[in-house]
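Here's the structure we're looking at; comments come further down.
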Amino acid sequence: FSMEMRRKDLAVTDPEKIDAIIQGCDCIRLAFADGTHPYIVPLSFGYVREGDTAKFYFHGAANGRKVDLSRKLAYAGFELDRNRTLKTDPKACDFSFAYESVVGEGSITELTTREEKAAGLAVIMAHYSGRTDWDFPEGVLDRTCVFCLTVTEISGRAHG
């Protein structure tokens with residue numbers, strides 16, 4: 001499930017390399033098409049690949065634009081990037097950036113049971129802490145929305 005890319009020389013197609021880029025990122029940006037008004041939001045996230053299926057997990061309070069659009073549209077674009085370094089040059093047109101990035105899109109489902117929510121939050125916590133042994137109080141689970149974005153298209157880029 002890869003997206004077409006203009007600069008094929010920058011393409012990262014190996015799923016393991018794409019996963020490594022994602023695992024090295026600390027923020028995912030979700031993009032929603034809210035009628036004629038785009039909405040982009042940076043989020044903490046968790047990521048897993050199960051066979052050929054890649055999934056991102058994110059969470060939030062029980063109300064707000066992100067939650068409303070996740071429920072209403074059930075689809076979003078995403079972007080992650082890392083290792084951004086400015087490459088200077090005496091000529092303005094030869095300035096550039098080194099980076100690694102991943103973009104794509106996917107369908108969003110809300111996790112509704114306490115067990116599903118706890119499992120999704122555990123993936124998020126594992127991304128930042130390396131630990132999977134977290135406990136989540138029932139009250140927190142009851143007031144927290146947890147979503148899973150299942151990737152339908154994805155592509156990576158790396159520019160050295």
Side-chain angles (χ1 to χ4, degrees), residues 1-85 96-113 115-130 132 136 141 143-160:
F1 41 65
S2 68
M3 302 171 72
E4 270 304 307
M5 181 179 308
R6 183 181 58 84
R7 292 279 313 266
K8 304 249 187 262
D9 59 314
L10 302 179
V12 175
T13 57
D14 178 5
E16 288 184 18
K17 178 64 175 164
I18 289 173
D19 288 354
I21 294 170
I22 292 168
Q23 295 295 355
C25 293
D26 61 3
C27 174
I28 187 171
R29 292 162 192 86
L30 293 187
F32 295 93
D34 188 13
T36 60
H37 297 79
Y39 178 66
I40 298 173
V41 60
L43 302 168
S44 56
F45 71 97
Y47 175 77
V48 295
R49 182 184 293 274
E50 300 161 345
D52 289 337
T53 304
K55 296 179 179 183
F56 290 96
Y57 292 87
F58 62 96
H59 73 293
N63 53 41
R65 193 169 181 190
K66 169 186 63 189
V67 169
D68 292 346
L69 291 172
S70 293
R71 289 175 174 156
K72 175 183 163 188
L73 302 174
Y75 205 83
F78 61 86
E79 187 275 345
L80 308 96
D81 57 77
R82 70 176 188 169
N83 298 334
R84 295 171 308 278
T85 306
S96 68
F97 259 94
Y99 64 88
E100 294 176 304
S101 66
V102 174
V103 298
E105 53 192 67
S107 59
I108 298 173
T109 55
E110 184 172 3
L111 307 181
T112 56
T113 69
E115 294 77 19
E116 290 173 328
K117 289 180 179 186
L121 291 172
V123 172
I124 295 168
M125 291 303 300
H127 180 75
Y128 295 99
S129 72
T132 58
F136 304 99
L141 294 173
R143 67 178 176 267
T144 302
C145 291
V146 182
F147 295 91
C148 176
L149 183 150
T150 301
V151 174
T152 56
E153 293 191 41
I154 193 166
S155 67
R157 290 176 66 109
H159 187 265

Supply the atom-to-atom distance [X] [atom1] to [Y] [atom2], rounded to the nearest 0.5 angstrom.
X: T85; Y: F97; atom1: OG1; atom2: CZ; result: 8.0 Å
X: I28; Y: L80; atom1: CD1; atom2: CG; result: 4.5 Å
X: E16; Y: I18; atom1: CD; atom2: CD1; result: 11.0 Å
X: R84; Y: H159; atom1: CZ; atom2: NE2; result: 15.5 Å
X: I154; Y: I22; atom1: CD1; atom2: CD1; result: 4.0 Å
X: R71; Y: I108; atom1: CZ; atom2: CD1; result: 12.0 Å

So, the side chain of [X] versus the backbone of [Y]: is there a donor-acceptor pair under 3.5 Å, distance only?
X: Y128; Y: F45; result: yes
X: T132; Y: A126; result: no
X: E116; Y: T112; result: yes
X: H127; Y: Y47; result: no

Determine the minimum heavy-atom distance between [X] and [Y], stating which atoms define it.
X: C148; Y: L111; result: CB-CD2, 4.2 Å
X: V67; Y: A62; result: CG1-O, 4.0 Å
X: T144; Y: K117; result: O-NZ, 3.0 Å

Does the side chain of [Y] come within less than 4.5 Å of [X]'s, by heavy atoms?
X: T152; Y: Y75; answer: yes
X: L121; Y: F136; answer: yes
X: S70; Y: E110; answer: no
X: V102; Y: V12; answer: no
X: F32; Y: K72; answer: no
X: F147; Y: K66; answer: no

For E50, salt bridge (Lys or Arg N to Asp or Glu O under 4.0 Å) partners two or more places apart: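 Testing E50 for salt bridge (Lys or Arg N to Asp or Glu O under 4.0 Å), a comparison that skips the adjacent residues, returns K55.
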Set of residues satisfying salt bridge (Lys or Arg N to Asp or Glu O under 4.0 Å) with respect to E79, sequence neighbours excluded: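 Counting only residues at least two positions away or on another chain, E79 forms a salt bridge (Lys or Arg N to Asp or Glu O under 4.0 Å) with R29.
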Heavy-atom neighbours of H59 NE2 exceed 12 at 6.0 Å: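 It does not: H59 NE2 has 12 such atoms or fewer within range.
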Full working for side-chain contact (heavy atoms from CB on, under 4.5 Å) between V123 and Y57: CA-CA 7 Å; V123 172; Y57 292 87; 3.7 Å; yes
Parallel, tilted or perpendicular: ring planes of F56 versus F78, cut at 30 and 60 degrees: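 Ring orientation, 0 to 90° scale: tilted.
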For residues 34-42, run the donor-acceptor check on the side chains, cut-off 3.5 Å, and write out each pair with its distance to 0.1 Å, sequence neighbours left out.
residue: D34; atom: OD2; partner: R65; partner atom: NH2; Å: 3.3

